[in-house]
Number of protein chains: 2
Amino acid sequence: MSIIGTMDVGEPLSLHQRILSDISERILSGAWAPGHRIPFEHELTAEYKCSRMTVNKALSQLAKAGMIERVRRTGSFVRRPQSQAAVLEIHDIRIEVEALGLPYCYERVARHKRRSSAEDRALLELDSNGPVLALECRHFAGKRPFAHERRLINLAAVAEAANEEFHAVAPGPWLIARVPWSAAEHRIRAVAADRHIAAALDIEAGAPCLVVERRTWSAEHPVTHVRFTYAAESHTLVARFTPSQG
Amino acid sequence: MSIIGTMDVGEPLSLHQRILSDISERILSGAWAPGHRIPFEHELTAEYKCSRMTVNKALSQLAKAGMIERVRRTGSFVRRPQSQAAVLEIHDIRIEVEALGLPYCYERVARHKRRSSAEDRALLELDSNGPVLALECRHFAGKRPFAHERRLINLAAVAEAANEEFHAVAPGPWLIARVPWSAAEHRIRAVAADRHIAAALDIEAGAPCLVVERRTWSAEHPVTHVRFTYAAESHTLVARFTPSQG
DNA sequence: GCAACGATTATGTATATACATATTGAAATA
DNA sequence: TATTTCAATATGTATATACATAATCGTTGC
């Protein structure tokens with residue numbers, strides 16, 4: 001799946017693809033258990049009647065994906081699944097709402113430009129007290145509030161944000177279209193709604209909420225920190241697996 | 001990072017690695033913005049004084065990773081980051097607890113073997129009413145309950161589980177060591193603790209909790225469904241980024 | 001018996017080459 | 001002018017080859 005890419009049954013697979021899917025299928029089905037030595041390159045060369053380079057490319061890819069481990073002079077071995085790594089797709093909120101079949105609506109609640117406070121610097125992992133833009137927004141699914149957004153943008157990294165009101169466009173898509181980001185860190189946790197959040201999401205204070213925080217860097221520079229808060233009933237994150245690697 | 005692998009500065013990079021890191025660095029830094037046409041293979045061949053095959057392998061890898069898009073006769077182009085995909089590592093609870101520097105302790109609360117009920121079949125996505133093993137466990141960090149586990153195991157897929165009491169070993173590691181799994185789906189959400197969970201985790205009823213549910217398949221067969229519940233203060237999931245793909 | 005050494009072997013990396021394939025752009029034709 | 005055709009071009013895939021590198025095995029020498 002993830003490693004192999006989509007397998008169109010119709011078209012003729014390339015040799016590379018065929019070797020890849022054959023082997024990973026045998027591993028994932030359990031036919032070749034963890035620790036099993038898979039055939040040597042020269043054996044696969046014979047089996048598939050192709051050059052060693054072709055086999056090598058496929059096995060190297062499986063090794064990079066973490067499904068097998070290769071050791072010189074000894075052979076290639078099926079690795080046991082180690083960590084339960086999953087790919088979590090965190091989409092734009094508009095897309096999530098529209099996937100529910102509900103009309104999406106966005107509201108900018110507040111916008112402040114200021115010198116970064118100590119708290120701002122902690123959230124952004126910023127050294128200097130340069131200017132930041134603080135935003136508060138709400139995202140609606142139909143009439144109901146779907147998510148609350150509290151965001152800081154480092155104006156040293158994204159100067160043009162200072163001229164944007166964010167009345168019509170949400171800061172998330174605005175930033176994605178503009179800033180190539182190179183790293184991000186997400187933190188996901190459950191919290192009880194404080195009064196402010198409860199009012200914004202139209203729920204009871206103390207009700208459980210899902211909080212997704214994201215910090216984004218672009219080439220070493222902190223770009224933005226955002227905290228999304230969802231009412232418990234409104235939202236579930238779904239992560240699809242990947243089987244491999246340690 | 002994810003695509004490039006760890007970059008040891010000390011050792012001499014292979015040409016392949018050098019091309020890969022050079023190009024992705026230029027993309028991630030923003031020097032080559034989304035839509036930008038990166039040099040043709042024959043130009044890179046000249047720049048790095050290597051064969052086209054070497055360049056091709058590197059570019060193919062970047063394309064597979066979703067950083068660039070390649071179109072014949074036209075060139076290769078930097079893709080814009082589309083979805084905020086993040087890799088969420090869901091480790092074994094013992095490892096998480098020990099990472100906190102606390103002693104880990106496991107308790108099996110209950111164990112029932114039964115024909116699958118309608119609810120069981122819904123959770124496992126099972127068709128037939130074959131036998132299942134229902135387990136309830138608690139995981140401790142020091143003296144405090146850290147997580148509550150409620151698990152169903154499909155005995156049709158893992159018959160040997162019927163003979164295991166799970167007194168000494170937690171079902172998670174036991175299964176991982178035995179069953180090669182090929183797919184998993186995670187659902188993450190916030191809930192209020194009901195009375196049962198509240199008692200198990202030693203928190204107030206109604207307190208916010210983080211719930212991680214996982215369904216696992218092995219070669220088309222449902223293997224297990226597990227629901228972990230964490231008290232809000234005790235746990236934060238951390239997901240690291242990946243920049244690319246659509 | 002044990003350490004040192006070299007031969008063997010499987011993988012790692014790179015090259016030159018060949019031909020297939022998709023797309024563009026210009027020339028030829030209707 | 002509109003359409004078809006064809007050559008040029010960049011990528012896609014595969015081959016044969018070469019040499020490097022790491023680990024193992026068997027032999028030799030102490």
Side-chain angles (χ1 to χ4, degrees), chain A residues 3-8 10-24 27 32 35-79 244-245, chain B residues 3-8 10-24 27 32 35-79 244-245:
Chain A
I3 304 114
I4 314 309
T6 48
M7 291 191 224
D8 300 55
E11 356 176 342
L13 288 176
S14 69
L15 252 170
H16 181 86
Q17 285 289 322
R18 234 182 75 211
I19 298 173
L20 222 54
S21 54
D22 275 16
I23 293 180
S24 56
I27 292 174
W32 287 349
H36 180 265
R37 208 210 76 225
I38 76 172
F40 295 127
E41 290 188 351
H42 68 262
E43 295 176 296
L44 292 170
T45 292
E47 181 178 342
Y48 288 96
K49 300 193 197 320
C50 66
S51 74
R52 185 171 82 90
M53 276 307 298
T54 303
V55 171
N56 180 283
K57 256 184 90 173
L59 293 191
S60 299
Q61 191 174 329
L62 286 173
K64 192 176 336 253
M67 296 195 65
I68 66 175
E69 184 174 8
R70 314 197 71 197
V71 10
R72 279 177 178 164
R73 161 71 218 231
T74 316
S76 305
F77 301 86
V78 178
R79 288 185 67 173
S244 45
Q245 74 275 106
Chain B
I3 304 117
I4 314 308
T6 47
M7 291 191 225
D8 301 57
E11 357 175 342
L13 288 175
S14 68
L15 251 170
H16 181 86
Q17 285 290 322
R18 234 183 76 210
I19 298 173
L20 221 55
S21 55
D22 274 15
I23 293 180
S24 57
I27 292 174
W32 288 349
H36 180 265
R37 209 210 74 224
I38 76 173
F40 295 127
E41 290 188 352
H42 68 262
E43 295 175 300
L44 292 170
T45 292
E47 181 177 342
Y48 289 95
K49 300 194 197 318
C50 66
S51 74
R52 185 170 82 89
M53 276 307 298
T54 303
V55 170
N56 180 284
K57 256 183 91 175
L59 293 190
S60 299
Q61 192 175 329
L62 286 173
K64 193 177 334 260
M67 296 196 66
I68 65 174
E69 185 174 5
R70 315 197 70 196
V71 12
R72 278 176 179 163
R73 161 70 220 236
T74 315
S76 305
F77 302 86
V78 177
R79 287 186 65 175
S244 45
Q245 77 274 108

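Keep in mind that the numbers below use all heavy atoms, side chains included, and drop hydrogens, waters and symmetry copies. Lettering follows sequence order; numbering is per chain, from 1.
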Rounded off to whole Å, could you give me the [atom1]-to-[atom2] distance for the [X] and [N] pair?
X: His16(B); N: dA20(D); atom1: NE2; atom2: C1'; result: 17 Å
X: Glu69(B); N: dA10(D); atom1: CD; atom2: C1'; result: 15 Å
X: Lys57(A); N: dG12(C); atom1: NZ; atom2: P; result: 15 Å
X: Leu62(B); N: dT11(D); atom1: CG; atom2: C1'; result: 15 Å
X: Lys49(A); N: dA14(D); atom1: NZ; atom2: P; result: 16 Å
X: Gln61(B); N: dT13(C); atom1: CD; atom2: P; result: 11 Å
X: Leu59(B); N: dT13(D); atom1: CG; atom2: C1'; result: 15 Å
X: Asn56(B); N: dT13(C); atom1: CG; atom2: C1'; result: 15 Å

> Does Thr74(A) or Phe40(B) map to a spot on DNA chain D nearer the 5' end, using the closest nucleotide for each?
Replying inline: Phe40(B)
>> Go nucleotide by nucleotide along DNA chain D from the 5' end; which of Arg52(B) and Ser51(A) gets its closest nucleotide reached first?
In response: Arg52(B)
>> Does any part of the side chain of Thr74(B), heavy atoms only, come nearer than 4.5 Å to the side chain of Glu69(B), both counted from C-beta?
In response: no
> What heavy-atom pair brings Glu43(A) and Phe40(A) nearest, and what distance separates the two atoms?
Replying inline: OE1-N, 2.7 Å
Please tell me if [X] has a side-chain N or O lying less than 4.0 Å from either OP1 or OP2 of [N].
X: Arg70(A); N: dG12(C); answer: yes
X: Thr54(A); N: dT13(D); answer: no
X: Ser14(B); N: dG12(C); answer: no

> Any idea which of dT15(C), dT11(C), dA23(D) is nearest the Met53(B) side chain?
Replying inline: dT15(C)
> Short question: side chain of Thr54(A), backbone of Arg52(A) - any donor-acceptor pair under 3.5 Å?
Replying inline: no
>> Test side-chain contact (heavy atoms from CB on, under 4.5 Å) on Leu20(B) and Leu13(B); report intermediate values, then the result.
In response: CA-CA 10 Å; Leu20(B) 221 55; Leu13(B) 288 175; over 6 Å; no
>> Between Arg73(B) and Ile38(A), which residue's closest nucleotide on DNA chain C lies nearer the 5′ terminus?
In response: Ile38(A)
>> Using a heavy-atom cut-off of 4.0 Å across all strands, would you classify Leu15(B) as base, sugar-phosphate, or nothing?
In response: sugar-phosphate
> Please walk me through it: do Leu62(A) and Ser76(A) pass side-chain contact (heavy atoms from CB on, under 4.5 Å)?
Replying inline: CA-CA 10 Å; Leu62(A) 286 173; Ser76(A) 305; over 6 Å; no
